[in-house]
Every structure is written in structure tokens, then in C-alpha cells.
Amino acid sequence: MTAALRKRNSVGVMLTAAAMLFFPLHEGGNTTARASEFFKLSGHGGPVKGIDVASDSDAILTASFDYSVGSWIDSGPRWLEGHNAAVNVVKYIDAQTAVSGGDDTELRIWDLKSGTSQRLSGHRGKIMGLDVSPDGQNVASASWDGTIGIWSLDGTSPPRFLADSGIAVNDVAFSADGATVYSASRDGRIRQWNVRAGTVIRKMTQHGFGINMLIVNETEGWLAYGAVDGGTRVIDLDTAEVMADLTLDRRPILAMALSPDRSRLAVGDGDGFIMVVDTADWTIAKDFRAAKRGPVWALEFSPDGRSIYAGGIDDAMFAWPLDSADQIELMAEGERTFLIDPEQMNNGERQFNRKCSICHTLTGGGARRAGPTLAGVFGREAGAVDGYNYTEVLESGGIIWSEETIGSLFELGPDVFVPGTKMPMQRIARKQDRDDLIAFLKAATVAGSDR
């Protein structure tokens, strides 16, 4: 119920037995991948929004709605803390450095050894996509403020922001020489930019719906993109003509990944499927349901290309060997309470699961979330739970959570009731729905149901 900026509590981290095979401890801290094994990396306190894999090791980075980045090496994760909202994307810069971006409009440059970060500010909207130039000297960022940020990693020049139409930008990708960058935007256009001049070289395509993701393969001369309407197409980099239309009856396209040898393209969608395409002839090599419910938000291939890694609304990253991906565990097998059939709940519980459960638990311990526990929330002053970094307005506002204040929070919306809050903007318009939520919270937070 607050705009808390969560600081991670100490909790258990679960790796499945197969994951322990993937992350065996070796002298010197090295790991050996088991490409034939299914595994799951659990420990985040919210959905996994981004994944990246080190090019020269089995180390993995995960970005989560719980405001954190997980750095997975050997037997478990190291939690990288610094963002003040959901982290949407993370990329390795080199073996010891990474960059992440999130809903707080900031980039973080991470020292993976120390766990410390440098904050880069300048965007005015959430950051949805990142790419690192091939020489490792620059980072490009895609933001919903309608700009592309170009950030010098050696600090020799200030950031620059490339803008054309002012339409939200969803993804970016550098060319092989780093001289140009490609962008995908909500207006359905892919643009190619001259990085030095900051100008648009050309507008390559006009899709009828917003484009969420793009993959550039200059070696073979193609660009693949995925759109809100489910459109999945491959275009020629020189002519922008369509080389292949991979569109299926599923939408939106939310994730794409290219195997290290560029032989396979993976596509994840809002219906929970992963399609794997052979790039030699653009045939579908595999198409399988990865999530029982909910979307596939993040995709990446293992370093050897034999497994696919995915993230969705679970608090975990899943990894499947591609030779048996249609015979293994699915994401979203009911681990989260908001995945329970709504018909099995009363209206108050439905409102909680739709509006609150992704950020809050009802008990004082257990799962980590982006916001603090709601246990004992009635009569509690806002900003009073230990272990969380609150916005100043909550800490100094003198708000006491009650039936009246919680009702006003959802009647007006958090952005109106507590201006400056980091709580997601949402309202519950019907008074009966608000009353039912409050009644459920009063019973559940006293009873201490484990949610």
C-alpha cells in the first residue's frame, strides 16, 4: 500500500537440483554448463523482465520487477541494489561490468565484483532497451521519453539524446562498427541513426502497430522485429524488403534473442509461447508453450546455443534444453497467488491479486517484493516498515493507513493521493470494489495468511 523502494531482506534462494548441476563449485570459482539439464534460478521478489549471459562463462544476469539485478555465478546470486523502481533490462559490458535500466528512468553501471554502481541520469521516461557498442565504449538506451541515449563509458563526453518524433522508444541495437544505431518505436517505425551526427539516416519500415523488439544481424544482412499486434518479420538491411513473415496468432511480441552462432532466432509472446526459428531458411524449428499463464518477457540463449533461458511473471528464470523443451516444467504453474483462478476468490481477494500482490505480501516474512509487507498495515504510519527506502513524501507525510486512507489511495490513484510516489499508477473506480479490497485486507493482514 506504500510507494516503498524496497531494500532486499535476507531470504533463502532456491536453485533446483538441475540448477546445482549447472552451477557446481569449482576451484577458482569457474562453472561448467550442463546444456542437457533443465534448471530454474529462483530468489527474486518479482517477475523477471530481462536476462543476459556472459559471452565467456556461464554467468547470468537477471533484471526484475523487485528493483534488483541478480548476478548468478557458481552456487547462487549476488543481489545488485540501486534502482528505485522495476529493472527492465540488463546487459554485460565485459566480464566485470554491466549496465541496467528501469522504470526509475536511470541507468546503472555495475562493478560486478564489488556490487557497487554508478548512476547515470538524463532520461525522463522509463528505460526499456539497452545495447553496448561492439568496442565496449558506449551504451545506447531506449526510453519512453521518446529519445535514445548515447552514453560514453569512459566519461570523456556527456550523454547525448537522439530524438525524432518524440514517440516512445522500446528497443535499440548498435551496428557492428558502432557508427549507427537502430531503434524500434511505438509508432511502428524502425529508424537507423548516425550516432556521431545524431540524425536519422533512414526510416526502414512502417508497421501498423508499435514495435517492441529488434535483432540486427549485419553479417547475414537482416533485421528481425516483433510488434504489439504479434507481427514478427525479417527485413533486408539494405532494401528494407520483407524477407520472412513469421507472424503467428499470438500477441504481443515481448522478447527476442539470437543464438551465439546466429543460426537460431527465439521469439517470446504475451500468450506464453516461445518460437525458435532456423535463420538459414526461416523455418520454425520449435514452437512450444513456456508459460502456463502470462507472458514471456525475457529471452536469451545459453553460450553454446543449446538451451533457451526465459523470464515471465514467476519470481524465477527458467532454462530449457532445446532438444526437450516441449517435455519440461512450465513457467507460472500457480506459484504466484495472482495466477489462481479468479472464480475461486471473493471480490476482495481478486482486487488484491490484481492490484497489490505483485508488490506486497500479507505476512511479515517470506517472499521479497518491491513494496513492504502489509501485515499490520491498519493503524501503521506510512513509511514505517524497517528495511525499505521510502520516498520523502511518504516519510514526511504523516499518513496513517486506515479504511479511509486506503480507500482514497485507490479512489484518487497513488499519483494524486501521494504526489511523487513510486507506486504504480492505478485506480479502483467502483466503490464496492474498494470496500471489498479493504475488507479482505483487514481479515488477511490480521489472520496473517501466507501470500
On the six-membered ring of F410, is R434 placed so that its NZ or CZ lies under 6.0 angstrom from the centre and within 45° of the ring axis?
no
Between the side chains of D229 and H207, does any donor sit under 3.5 Å from an acceptor?
yes
is_close_aromatic(F352, H360), centroid dist under 6.0 Å
no
So, S68 versus H83: side-chain donor-acceptor pair below 3.5 Å or not?
no
Any side-chain heavy-atom pair of P159 and I150 under 4.5 Å:
no
Heavy-atom pair of closest approach, residues E300 and V53:
CG-CG2, 3.4 Å
Do S408 and T405 have side-chain atoms, one donor and one acceptor, less than 3.5 Å apart?
no
Between D287 and R250, is the salt bridge (Lys or Arg N to Asp or Glu O under 4.0 Å) condition met? List the steps.
CA-CA 12 Å; D287 185 39; R250 300 194 291 260; 2.6 Å; yes
With no hydrogens and no angle check, just 3.5 Å: does a side-chain donor-acceptor pair link D104 and N84?
no
Looking only at non-hydrogen atoms, find the nearest pair between T147 and V169 and report the distance.
O-CG2, 3.9 Å
Using ring centroids (six-membered ring only for Trp), state whether Y309 and W320 fall under 6.0 Å.
no
State plainly whether the residues E411 and R427 are in salt-bridge range, i.e. N to O under 4.0 Å.
no
Taking atom types as modelled and ignoring hydrogens, do the side chains of T97 and W110 form a donor-acceptor contact shorter than 3.5 angstrom?
no
Could you tell me whether the side chain of E37 reaches within less than 4.5 Å of the side chain of P321, counting heavy atoms only?
no
Between D111 (side chain only) and G115 (backbone N and O only), is there a donor and an acceptor less than 3.5 Å apart?
no
A side-chain contact here means heavy atoms from C-beta on lying under 4.5 Å apart; do L107 and V139 qualify?
yes
Would you say the side-chain atoms of R119 and S121 include a donor-acceptor pair closer than 3.5 Å?
yes
Minimal non-hydrogen separation, A224 against L265, with atom names:
CB-CD2, 3.9 Å
Can you list the steps and then say if D145 with R124 is a salt bridge (Lys or Arg N to Asp or Glu O under 4.0 Å)?
CA-CA 5 Å; D145 65 6; R124 297 184 178 181; over 6 Å; no
Checking side chain to side chain contact (heavy atoms under 4.5 Å, CB included) between T445 and each of F378, F440, W401, which is the one that passes?
F378
Is any side-chain heavy atom of R306 closer than 4.5 Å to one of L322?
no
Do the side chains of S185 and N170 get nearer than 4.5 Å, heavy atoms only?
no
Centroid-centroid under 6.0 Å between Y182 and Y225 rings:
no
Scanning both residues in full, the closest heavy-atom pair of S64 with P47 reads OG-O, 3.0 Å
Taking R264's backbone N and O only, do any of them form a donor-acceptor pair with S259's side chain (distance below 3.5 Å, no angle check)?
yes
With a 4.5 Å heavy-atom cut-off, do D433 and N347 have their side chains touching?
yes
So, do W282 and V234 sit near enough that their side-chain heavy atoms are less than 4.5 Å apart?
yes
Would you please indicate if the ring centroids of W297 and F65 are separated by under 6.0 Å?
no
Geometric cation-pi criterion R186 and W144, 6.0 Å radius, 45° cone:
yes
Do you know which two heavy atoms are closest between I313 and P295, and how far apart they sit?
CG2-CD, 3.8 Å
